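What follows is a set of notes on a single structure, which appears directly below.
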Protein chains: 2
Amino acid sequence: MAAARPRQLDIAKLAGVSQTTVSLALNGKTADYGINPETEQKIMDAARELGYVPNVTARALRGGRNRLIGVHAFEPLFPTGRESYYEEILVGIEQGAVRAGHDLVLFTSIHQHTGQANIFHEGRNRLRIADGAIILGFEQHDDELVRLADEGYRFVFVGRRERAATLGPYVSAEYAAAVRDVMSRVHALGHREVAYLGLRDRAEPRLERREGFRAGAAELGMAVVAETWAGAGEVEASWIRQVMDGGATVLLVESTGVLEEVAERVDELGVDIPGDLSVVGLDSITDPSAASHDWTHLLVPRREMGARAVELLLDVLDGRQEPTHHERLNCTFRPGGTLGAPAPGV
Amino acid sequence: MAAARPRQLDIAKLAGVSQTTVSLALNGKTADYGINPETEQKIMDAARELGYVPNVTARALRGGRNRLIGVHAFEPLFPTGRESYYEEILVGIEQGAVRAGHDLVLFTSIHQHTGQANIFHEGRNRLRIADGAIILGFEQHDDELVRLADEGYRFVFVGRRERAATLGPYVSAEYAAAVRDVMSRVHALGHREVAYLGLRDRAEPRLERREGFRAGAAELGMAVVAETWAGAGEVEASWIRQVMDGGATVLLVESTGVLEEVAERVDELGVDIPGDLSVVGLDSITDPSAASHDWTHLLVPRREMGARAVELLLDVLDGRQEPTHHERLNCTFRPGGTLGAPAPGV
DNA sequence: TCAACAATCTAATTCAAATTAGTAAGGCGA
DNA sequence: TCGCCTTACTAATTTGAATTAGATTGTTGA
């Protein structure tokens, strides 16, 4: 049991050379240092014979880097409910890490005891374990992030940019332009009166969508019949009735969860989509097979955002990119069956 | 900007002591070595002031602990499809890690280039960065695991036990007993003729279920009308018809995916569940709201398995548990609406 | 008053690999 | 035959933390 792992020194003894020479040979630097090809061969043979495997830890210690990328969220990463906001982003981060040959560290320890996660829990910054980190989540802990940045720690944000812009690089989606694009498609089909149903929260991605909506309505000369906020379980049939009575022929819905609630209420009213009312979702649909309709909606490139965040972090760490760089990825319009021309009678 | 990471030596200088003393103070060994409480306080203050965090790499090199738990799978952890086998287990692992105050390292780097993941890929064993690892997945890489174990590396398996038993501790579910329990419930309701629909693969958890099924049938004197294997998309209505004609009044289905296919075929046949045929699932249902029926089925405690694996790993690392220990968690029977008494006419 | 001892702390070493600064041996020109 | 340059290597150092083996100072009992 527990046969000691062979070290470079063991190879050196077997080949009758020094540890230095072994290191040089194994790293292909024989030419630079004029190592005899025969010696090199002896070393390689000895290494193979002993089943040598470099010790990552020693290598990392010397090199100053771990090849560890931290992933930090202020909430648990794998929530118990379905429809994890992070899920797709995590898939992207994993793919990015695979490509870059790095491992991921999920900072779970800091969630301990308190429901809240503090980076500087007990006065230590665990994030430092990793070479740099990707920060997810909407919750605001700006003071901690400022301190992190002050300490020279490198990180990249995904999905938000409020304070991020002043603190470090970020990757997010171009929500405003995407929604403006939706508006012009809607306009092109003949719609002139539109309603908007958003979430009650004021997270940046939502605010930007609203910005795009208003800008689009203004530019295209469309009338905003209603702009209303609802939480989960709060969509009311009477509101939809009212909006339609008000002349709206199309409804933009910010969140996918609310979208399904809208479908239920519309069903209750006996209204036809898109015959009586067109409905467009402004977010990705994680599981289209579970959706009630073939929704017309936007695709937010969450997976690409995750993958790009990894690349960006490594670029910053390697000095290939200044730490103020940011990137915005485009959303795609997915045509479905819930956007049509407005009913001619209206 | 980019202030170099503080080392113990920096703390030592600030506090006016040696690096040794700093190390002792930070590791709570002041009592053993008679360090003055005032000195200790000075050191702690200096450490906080500098924002000191131990260097994982140096510690790992020395053989120390890092409060890092590795998670290794031979396949990507976050698969692109829905219905991730790992998902629930990962949730459990995360919860376990949170409770234990440890962080998780997801070993993604080894998936690089080759679709296959080798621990000793490119001659480096990254696992050593973590204190120990939890190993998931069905794929067989026994030679690598044997080597890891020989090197004294500690790990715990989740969900399998074939070779695991000889290599280290494992946590898995008690499938056979659970299925036997299902059989006795079915028997108690009056069923005497039963059919079994399994997956085509021969993974351990499936083999155990079949074992439990056969043992139950034998003990209870029930007739096995059919025992058939199907892959995704291979369930045929004719098979169900045939099985029912053969007298089967209840069908046990190994996998949740196949369960839904069975529902579709049964619908096509105009057969009533459970009036004409009772159906029992032998696996968890991740998203009951997306299920076509209120299935009667087994709950595999995947989340507990993950959480328990973390505890077990730490027990082994701390020497509280011998490294041959294993644990089997019970599955729960979830009564639903798809198991009833057999039709009296039969 | 001196050895013994406790109380406090430190120098030196270790872990495995990478790198810097040399060294030894041989050849060649002047 | 002295000095200089190659060729082909090696000794020593570095990385950050933990540990082993001391070292220093002061106190106390005989």
Side-chain angles (χ1 to χ4, degrees), chain A residues 2 4-43 46-47 50-68 124 128-131, chain B residues 4-43 46-47 50-68 122-129 131 151-153:
Chain A
R5 311 175 43 170
R7 303 156 297 159
Q8 288 189 348
L9 189 61
D10 298 316
I11 301 177
K13 281 178 188 159
L14 189 60
V17 296
S18 74
Q19 178 260 322
T20 307
T21 313
V22 172
S23 172
L24 292 173
L26 293 175
N27 290 295
K29 302 204 173 154
T30 47
D32 306 353
Y33 286 80
I35 304 292
N36 195 316
E38 283 176 33
T39 309
E40 181 177 4
Q41 195 53 52
K42 259 195 301 187
I43 291 170
L50 295 174
Y52 172 78
V53 169
N55 181 322
V56 249
T57 296
R59 207 179 249 188
L61 177 58
R62 189 66 228 266
R65 292 269 287 271
N66 283 335
R67 299 181 81 80
L68 288 179
R124 6 187 90 185
R128 282 238 118 114
I129 281 183
D131 293 338
Chain B
R5 242 183 105 155
R7 302 156 300 157
Q8 289 189 349
L9 191 60
D10 299 317
I11 301 176
K13 281 178 188 159
L14 188 60
V17 296
S18 73
Q19 178 260 323
T20 308
T21 313
V22 172
S23 172
L24 292 173
L26 292 175
N27 291 294
K29 302 201 172 157
T30 47
D32 307 355
Y33 286 80
I35 303 292
N36 195 316
E38 281 176 34
T39 309
E40 180 177 6
Q41 195 52 53
K42 260 194 301 186
I43 292 170
L50 295 175
Y52 172 79
V53 168
N55 180 319
V56 246
T57 300
R59 251 200 203 161
L61 177 59
R62 197 60 229 271
R65 295 271 289 274
N66 277 315
R67 301 181 80 79
L68 286 179
E122 286 182 5
R124 50 199 93 203
N125 168 6
R126 289 276 296 171
L127 291 196
R128 291 219 166 247
I129 280 195
D131 298 339
E151 287 181 358
Y153 190 77

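Proteins come first, then strands; the chains are lettered A, B, ... in the order of their sequence lines, and each starts at number 1. Quantities reported herein were computed from a predicted structural model and do not represent experimental measurements. Because only heavy atoms are used, hydrogens play no part in the values below, and waters and symmetry mates are left out as well, while side chains stay in.
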Checklist entry - Under 3.5 Å, is there a donor-acceptor pair linking the side chains of T21(B) and S18(B)? => result yes
Next on the checklist: Quick check on side chain to side chain contact (heavy atoms under 4.5 Å, CB included): which of V22(B), T20(B), N27(B) does L24(B) satisfy it with?
Outcome noted: T20(B)
Checklist outcome for this item: To the nearest angstrom, the CG-P distance between N36(A) and dA25(C) comes to 17 Å
Checklist entry - Do you know the tightest heavy-atom contact between A25(B) and T30(B)? => result CA-CG2, 3.7 Å
Checklist entry - Would you call L26(B) and I11(B) a side-chain contact if the rule is heavy atoms closer than 4.5 Å? => result yes
Next on the checklist: Strictly under 4.0 angstrom, non-hydrogen atoms only: write out the protein contact profile of nucleotides 14-19 of chain C, one letter per nucleotide from the 5' end, B, S or -.
Outcome noted: BBBBBB
Checklist outcome for this item: Taken to the nearest whole Å, CG/D32(A) to P/dT6(D) is 16 Å
Next on the checklist: Measure CD/E38(A) against P/dT7(D) and give the value in whole Å, please.
Outcome noted: 16 Å
Checklist entry - Does dC9(D) have OP1 or OP2 sitting under 4.0 Å from an N or O in the side chain of S18(A)? => result no
Next on the checklist: Please classify the nucleic acid contact of T39(A) as base, sugar-phosphate, or nothing, using heavy-atom distances under 4.0 Å.
Outcome noted: sugar-phosphate
Next on the checklist: Mind checking if V17(B) touches a base, just sugar-phosphate, or nothing, with heavy atoms under 4.0 Å?
Outcome noted: sugar-phosphate
Item to check | d(NZ, K13(B); C1', dC9(C)) in whole Å | outcome: 19 Å
Checklist outcome for this item: So CD1 of I43(A) and OG1 of T39(A): to nearest 0.5 Å the spacing works out to 6.5 Å
Next on the checklist: Within the structure provided, determine whether T57(B) and R65(A) are in side-chain contact (heavy-atom separation under 4.5 Å).
Outcome noted: no
Checklist entry - Rounding to a whole Å, what distance do you find between I35(B):CD1 and dA23(D):P? => result 17 Å
